[in-house]
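Have a look at the structure below before the remarks.
Throughout, protein chains are lettered first and strands after them, A, B, ... in sequence-line order, and every chain is numbered starting at 1.
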Protein chains: 2
Amino acid sequence: MNEPALTGAEQSVSKARLRLWLKLLKASSLIEDEIRRRLRNEFNWTLPRFDVMSALARSPDGLKMSEISQMLRVSNGNITGIVDKLSEEGLALRVAVPGDRRANLVRLTPKGQNVFAEHAEVHEAWIDEILSGLDSEDVDGMIGRLDRLSEALEEGK
Amino acid sequence: MNEPALTGAEQSVSKARLRLWLKLLKASSLIEDEIRRRLRNEFNWTLPRFDVMSALARSPDGLKMSEISQMLRVSNGNITGIVDKLSEEGLALRVAVPGDRRANLVRLTPKGQNVFAEHAEVHEAWIDEILSGLDSEDVDGMIGRLDRLSEALEEGK
DNA sequence: CTTATAAATTTCAAGCTTGAAATATCTGTG
DNA sequence: CACAGATATTTCAAGCTTGAAATTTATAAG
């Protein structure tokens, strides 16, 4: 019934993994909060709206609701509400899919494309500024490890 | 009026920083979602409640509302609601601060301590499992870089 | 003492997020 | 055709989150 005792090294790795998670979460939250703050203050905009428009901007032919929610890893119902708002504001629209009346394709309007282009350019500069403390070696080192981590997490489904 | 042109190397670092941010966010979100899912399924619990209890568990003498919100980097109003809920359920309580009628100290009840102890132990094992794809070198390498990143972010306030 | 300012907390409206249930539509099988 | 499942989306209630305004209490200056 008892678990085998952990060696010192195993305990150490385990504790270090917990510390890593807390630091990963902290760094990620700090950056995300800063982006939210700037989007709000500079553009009176929100991150979810930015994210949905970003997905749509990369797919000029349009995306199904379910494709957007998969890309952003959020629920379907969530996307419904955000696309509703974007549509009301004339930034996106739903287009019928020929041959499937269940689905529709969401596209940015020309107005939506213009608004997003402005936001995206500034957003990229913000990230560059916020991460300016990391040099090329740091960036590459972290990208590699994060890639492997995400792969492992997505496999383990 | 024009910005100086970026060299190839500068562009490259800038683009890599943006990629890093997207990967950092992705890894962090995958882990966080998995933790939320397990808390919900195994304990019918939420991450905000877990986080508040975790802060309280580390401070047996109690924490002021504002101390909790600073530690968790969330708003004061947020903590009000969560502590209200925990109090209703008999897991935490507000204690008057002698000499300052504006503030109160929040403490875990014995019941709250027991509930949290159970959750915390399992939580730590989850993190170890979720991050099992990272070896000791990965973990240490990332911790160092994330520390420097967070320091830089917090300085830049 | 009075008053202005600061500090601690709560309240509130608006928006995000989820999972589950409900609708509507398709698709393959008999 | 009928119909059992699979798909695509929406609806909904509950909970989280924020920033700003409001409330209460403390503190310092005159």
Sequence neighbours left out, what passes salt bridge (charged side-chain N to carboxylate O under 4.0 Å, His left out) with [X]? Give chain and number order.
X	answer
A:Asp33	none
A:Asp51	none
A:Asp147	B:Lys23

> For B:Asn41 and C:dT18, what is the distance between atoms CG and C1' respectively, to the nearest whole Å?
Replying inline: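 These atoms are roughly 12 Å apart.
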
>> Output the rounded distance in Å from CH2 (B:Trp45) to C1' (C:dT18).
In response: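 Between C1' of C:dT18 and CH2 of B:Trp45: 18 Å.
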
> Taking protein heavy atoms under 4.0 Å as touching, what does nucleotides 8-16 of chain D look like 5' to 3' if B marks base contact, S marks sugar-phosphate-only contact and - marks none?
Replying inline: SBBB---SS

> Taking only side-chain nitrogens and oxygens of B:Arg101, does any of them come within less than 4.0 Å of OP1 or OP2 of D:dA26?
Replying inline: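 Looking at the OP1 and OP2 atoms of D:dA26, one of them is under 4.0 Å from a side-chain N or O of B:Arg101.
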
> Listed by chain and number, what are the side chain to side chain donor-acceptor pair (under 3.5 Å) partners of B:Ser54, not counting sequence neighbours?
Replying inline: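 Side chain to side chain donor-acceptor pair (under 3.5 Å) list for B:Ser54, sorted by chain: B:Arg58.
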
>> Please enumerate all residues that pass side chain to side chain donor-acceptor pair (under 3.5 Å) together with B:Arg101, with sequence neighbours excluded.
In response: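 Per chain and number, B:Arg101 pairs via side chain to side chain donor-acceptor pair (under 3.5 Å) with no residue.
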
>> According to side chain to side chain contact (heavy atoms under 4.5 Å, CB included), who are the partners of A:Asp135, at least two apart in sequence or on a separate chain?
In response: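 Applying side chain to side chain contact (heavy atoms under 4.5 Å, CB included) to A:Asp135 gives A:Glu137, A:Asp138.
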
Name the atoms and distances for all side-chain donor-acceptor pairs under 3.5 Å in residues 117-125 of chain B, with sequence neighbours left out.
from, atom 1, to, atom 2, distance (Å)
B:Glu124, OE2, A:Lys15, NZ, 2.9

>> With side chain to side chain donor-acceptor pair (under 3.5 Å) as the test, pick out the partner of B:Ser69 among B:Asn76, B:Asn78, B:Thr80.
In response: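 With B:Ser69 as partner, B:Asn76, B:Asn78, B:Thr80 yield a single side chain to side chain donor-acceptor pair (under 3.5 Å), made by B:Asn76.
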
> What bend angle does the helix from C:dC1-D:dG30 to C:dG30-D:dC1 show across its length, from five-pair end axes and to the nearest 10 degrees?
Replying inline: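 Nearest ten degrees gives 0° for this helix.
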
